[in-house]
Amino acid sequence: MLILGIESSCDDTAAAVLQDDQRVLANVVSSQDSIHARFGGVVPELASRSHLQSIHPVVEEALYRAGTTLPDIDLIAVTQGPGLIGSLLVGFCYGKALASVSKTPYIGVDHMTGHLLSIFLEGQTVNFPYIALIVSGGTTSLFLCKGYTDFSLLGRTRDDAAGEAFDKVAKILDLGYPGGPLVSKKAEKGQIDAFRFPRAWLENASLDFSFSGLKTAVFNTYNSCRTAGDIPVADICASFEQAVVDVLVEKTLNAAKQHMADTVVLGGGVSANRRLRSSMTQQCLQNNLKLFLPQIQYCTDNAAMIALAGYYRYLESPLPFSFNADVFSRSQLG
Ligand code: KG4
């Protein structure tokens with residue numbers, strides 16, 4: 001079975017062709033970073049306009065690289081939400097049009113389920129149940145994954161997502177956009193204990209997150225340092241990054257303990273972070289947990305994971321998908 005995946009939930013236009021649940025035949029991502037960089041964040045109107053320009057060439061390129069054409073595609077899987085409504089509409093309507101002209105089955109996919117399953121794109125054997133930490137620019141959530149279509153939300157951020165905090169700290173320090181990799185690069189030369197930034201543990205046993213207080217603490221520290229005439233950027237970045245990583249790792253381990261899972265999976269753009277990867281690896285080892293880290297190309301937004309999630313959803317319920325279906329801005333996983 002050949003599945004064409006389409007993803008346009010935020011600022012990346014992506015298309016992929018997947019053969020069953022195994023082989024990624026093509027995975028094309030067109031980034032809009034250069035468009036949004038000067039604003040220090042994604043501008044929704046610019047994002048949807050750019051998707052409009054890119055969607056057709058990106059899909060054509062994916063089909064070409066996979067050595068296939070639309071009539072050979074058996075299923076079109078498109079991100080239906082969550083995300084920016086204008087951005088989502090571009091991919092979702094484009095997918096509907098393709099499905100309609102080619103009479104190909106069509107399915108809408110919750111973007112989060114793509115992240116939850118992306119580890120399988122590498123042909124790895126991962127057993128259910130596992131705990132998934134999905135941490136990106138729009139999400140920081142913990143899930144218990146019991147099957148390919150069976151997920152329970154255990155906790156989520158109550159304010160900023162971790163990636164959003166990285167991007168905002170980069171903006172405060174005038175480092176550029178997207179902020180995560182830039183903050184992380186500066187952090188390599190800084191001291192993790194130069195500043196004692198707050199960690200929001202929330203109520204006892206809570207698996208929710210909160211990063212807005214941390215962001216404010218960085219802002220206040222930056223202002224004090226500026227007044228004093230010396231801004232130790234690397235130290236601020238390292239101390240901030242460590243505060244984020246401590247909370248992400250600790251809460252993930254707590255989730256595994258609470259739900260008696262022996263496997264942990266990461267997903268989302270922030271899981272590219274080196275300090276997070278090494279700290280999670282070390283802690284999982286010490287706690288006898290198996291850890292699976294997807295390759296960077298499958299951590300960030302991509303359409304291969306959407307094709308995969310669509311495939312499993314379609315196997316479970318191959319009923320015709322309604323062409324009246326609309327996009328949604330919040331994940332339907334809870
Ligand atoms: O999953 P993703 O590609 O897309 C959306 O959230 O839409 O994640 C992007 C986020 C951005 O906030 C970016 O700053 C962050 O992931 N990010 C990182 C790193 N690479 C990307 N954050 C920390 N360290 C990194 N190395």
Side-chain angles (χ1 to χ4, degrees), residues 112 115-116 119 126 129-145 151-169 179-180 183-184 187-188 190-218 221 235-294 299 333-334:
M112 295 302 296
H115 279 305
L116 293 173
I119 193 66
V126 184
Y130 58 81
I131 296 293
L133 171 69
I134 307 302
V135 61
S136 71
T139 310
T140 301
S141 302
L142 279 164
F143 288 90
L144 177 64
C145 302
F151 317 107
S152 309
L153 178 69
L154 305 177
R156 62 145 75 107
T157 183
R158 296 184 186 173
D159 40 57
D160 291 349
E164 194 179 352
F166 268 96
D167 293 337
K168 286 178 178 167
V169 165
V183 168
S184 185
E188 283 170 21
Q191 298 292 327
I192 54 169
D193 52 2
F195 298 96
R196 183 69 199 162
F197 289 133
R199 279 101 171 124
W201 301 113
L202 306 175
E203 316 78 57
N204 201 12
S206 171
L207 296 175
D208 279 352
F209 299 90
S210 166
F211 295 104
S212 62
L214 171 60
K215 179 193 64 189
T216 306
V218 171
T221 300
D235 284 345
I236 294 178
C237 288
S239 303
F240 159 77
E241 186 179 58
Q242 190 62 48
V244 175
V245 168
D246 282 351
V247 175
L248 293 176
V249 172
E250 180 82 15
K251 294 217 172 223
T252 305
L253 297 187
N254 286 347
K257 258 184 232 142
Q258 284 176 29
H259 294 274
M260 287 178 289
D262 69 354
T263 304
V264 168
V265 167
L266 295 198
V270 181
S271 58
N273 183 274
R274 282 169 58 181
R275 202 182 297 271
L276 174 62
R277 284 180 166 243
S278 69
S279 176
M280 194 69 89
T281 304
Q282 203 184 344
Q283 289 301 318
C284 283
L285 203 64
Q286 278 178 17
N287 289 276
N288 286 326
L289 294 168
K290 292 187 248 357
L291 174 66
F292 292 88
L293 300 165
C299 286
L333 296 185

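Numbers here simply count residues along the sequence, with the first being 1.
Few gaps surround CD on Glu188; more than 12 heavy atoms of other groups in view lie less than 6.0 Å from it. More than 12 heavy atoms of other residues, nucleotides or ligands sit less than 6.0 Å from atom CZ of Arg158.
Among pairs with a residue in residues 256-271, those fulfilling side-chain hydrogen bond (donor to acceptor under 3.5 Å, both in side chains) read Asp262-Lys290, at least two apart in sequence or across chains.
In this view, Thr216 satisfies the side chain to side chain donor-acceptor pair (under 3.5 Å) rule with no residue, not counting sequence neighbours. With sequence neighbours excluded, no residue forms a ring pair (Phe, Tyr, Trp, His ring centres under 6.0 Å) with Phe209. Not counting sequence neighbours, the partners of Phe195 by the ring pair (Phe, Tyr, Trp, His ring centres under 6.0 Å) test are Phe197. With sequence neighbours excluded, the residues satisfying ring pair (Phe, Tyr, Trp, His ring centres under 6.0 Å) with Tyr130 are Phe128. With sequence neighbours left out, the salt bridge (charged side-chain N to carboxylate O under 4.0 Å, His left out) criterion links Lys168 to Asp160, Glu164. When the side chain to side chain contact (heavy atoms under 4.5 Å, CB included) test is applied to Ala165, the partners found at least two apart in sequence or on another chain are Phe211, Phe240. Under the side chain to side chain contact (heavy atoms under 4.5 Å, CB included) criterion, Ser184 pairs with Glu241, Asn273, sequence neighbours left out. Partners of Thr139 under the side chain to side chain donor-acceptor pair (under 3.5 Å) rule, at least two apart in sequence or in another chain, do not exist in this structure.
With Val264 as the partner, the side chain to side chain contact (heavy atoms under 4.5 Å, CB included) test is satisfied by one option alone out of Leu293, Leu142, Leu289: Leu289.
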Tabulate below the donor-acceptor pairs under 3.5 Å that side-chain atoms of residues 244-253 make, not counting sequence neighbours, or state none.
from, atom 1, to, atom 2, distance (Å)
Asp246, OD1, Gln242, NE2, 2.8
Asp246, OD2, Arg199, NE, 3.1
Asp246, OD2, Arg199, NH2, 2.9
Lys251, NZ, Trp201, O, 2.8
Lys251, NZ, Ser206, O, 2.9
Lys251, NZ, Asp208, O, 2.9
Thr252, OG1, Leu248, O, 2.6

Side-chain atoms of residues 279-288: list all donor-acceptor pairs with protein atoms under 3.5 Å, sequence neighbours left out, distances to 0.1 Å.
from, atom 1, to, atom 2, distance (Å)
Thr281, OG1, Arg277, O, 2.5
Asn287, ND2, Gln283, O, 2.7

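When all heavy atoms of Cys299 and Pro294 are compared, the pair lying nearest together is SG-O, 3.4 Å.
Side-chain N or O atoms of Asp159 include none that pairs as donor or acceptor with a backbone N or O of Ser210 at under 3.5 Å.
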